[in-house]
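Proteins come first, then strands; the chains are lettered A, B, ... in the order of their sequence lines, and each starts at number 1.
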Amino acid sequence: QQQVKQSPQSLIVQKGGISIINCAYENTAFDYFPWYQQFPGKGPALLIAIRPDVSEKKEGRFTISFNKSAKQFSLHIMDSQPGDSATYFCAARFSGNTGKLIFGQGTTLQVKP
Amino acid sequence: DGGITQSPKYLFRKEGQNVTLSCEQNLNHDAMYWYRQDPGQGLRLIYYSQIVNDFQKGDIAEGYSVSREKKESFPLTVTSAQKNPTAFYLCASSSQLASGETQYFGPGTRLLVL
């Protein structure tokens, strides 16, 4: 069953607006939470990531907010640009040494000029 | 120029045919992974390998096989037992060191059935 639930499935934002994508997880055995960005026909690329002992991480226009007690984390894209139009995946890594990731179902973001 | 390469970019399979997708990495990563991507379903793990000559099934291994004879190579064979093989296949790798935080992906292979 799906262990990481991502919403919304699609999102349309005006240029300059804030894009917010949410993820929730069930398993407490996760120790690392990356976000990936994928353009059509390309492989996913790591965008930003966070550990559960940190509540927020910011890199440029991208911020992850993490709520450990609620088992939720979200990606905020500030000042969204048309070039940000892509599919975004949240993921959660199992603790231990397998490196296995569980992915959310993805959010297709369209930023309108 | 370090990275992960996948070939071919497009692959066509006939009914009853086995096909092999190539994945090579020069990042000196120990672990390698194969995912299948279908629209609206995210990425699903097919097989993974943490070390040469060893690999484990992922969530959807039926109809697929892999080998890991070299550290830098992790080919995936889609067998005739896989009845719905049309998908985008992604290979990834990661370091097993404590600093190896996450997986890095190749450009993908799109498999189509004729």
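Looking at residues two or more places apart in sequence or on another chain, you find no ring-ring contact (aromatic ring centres under 6.0 Å, His included) involving A:Phe89. A search for side chain to side chain donor-acceptor pair (under 3.5 Å) contacts involving B:Asn28 returns B:Lys71, not counting sequence neighbours.
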Worked check of side chain to side chain contact (heavy atoms under 4.5 Å, CB included) between A:Leu101 and B:Tyr48: CA-CA 11 Å; A:Leu101 292 173; B:Tyr48 66 103; over 6 Å; no
Tell me, with the steps shown, if B:Gln103 and A:Tyr36 meet side chain to side chain contact (heavy atoms under 4.5 Å, CB included). CA-CA 10 Å; B:Gln103 297 175 20; A:Tyr36 286 86; 3.8 Å; yes
Step-by-step side chain to side chain contact (heavy atoms under 4.5 Å, CB included) determination, A:Gln38 to B:Phe88: CA-CA 13 Å; A:Gln38 185 180 31; B:Phe88 191 46; 3.8 Å; yes
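Hydrophobic clustering (ILVMFWY, side-chain heavy atoms < 4.5 Å, transitive): B:Ile4 and B:Phe74 are in distinct clusters. Residues B:Leu21 and B:Tyr104 fall into different hydrophobic clusters, defined by Ile, Leu, Val, Met, Phe, Trp and Tyr side chains chained together at heavy-atom separations under 4.5 Å. In this structure, A:Val4 is not a member of the same hydrophobic cluster as B:Ile60, with clusters built from ILVMFWY side-chain heavy atoms closer than 4.5 Å.
Within 6.0 Å of the CD1 atom in B:Ile51, the count of heavy atoms belonging to other residues, nucleotides or ligands does not exceed 12. For NZ of A:Lys71, the number of neighbouring non-hydrogen atoms (other residues, nucleotides, ligands) closer than 6.0 Å is greater than 12.
Listed here is the closest heavy atom pair of A:Pro44 and B:Leu90: CD-CD1, 3.7 Å.
Both the backbone and the side chain of B:Leu43 come within contact range of chain A, judged by heavy atoms closer than 4.5 Å. Contacts of B:Gln6 with chain A are absent, with no heavy-atom separation under 4.5 Å from either backbone or side chain. Heavy-atom distances place the side chain of A:Pro34, and not its backbone, under 4.5 Å from chain B.
B:Tyr33 OH to A:Lys100 NZ: the interatomic distance, rounded to the nearest 0.5 Å, is 9.5 Å. A distance of 7.5 Å separates CD of B:Gln37 from OG1 of A:Thr87, quoted to the nearest 0.5 Å.
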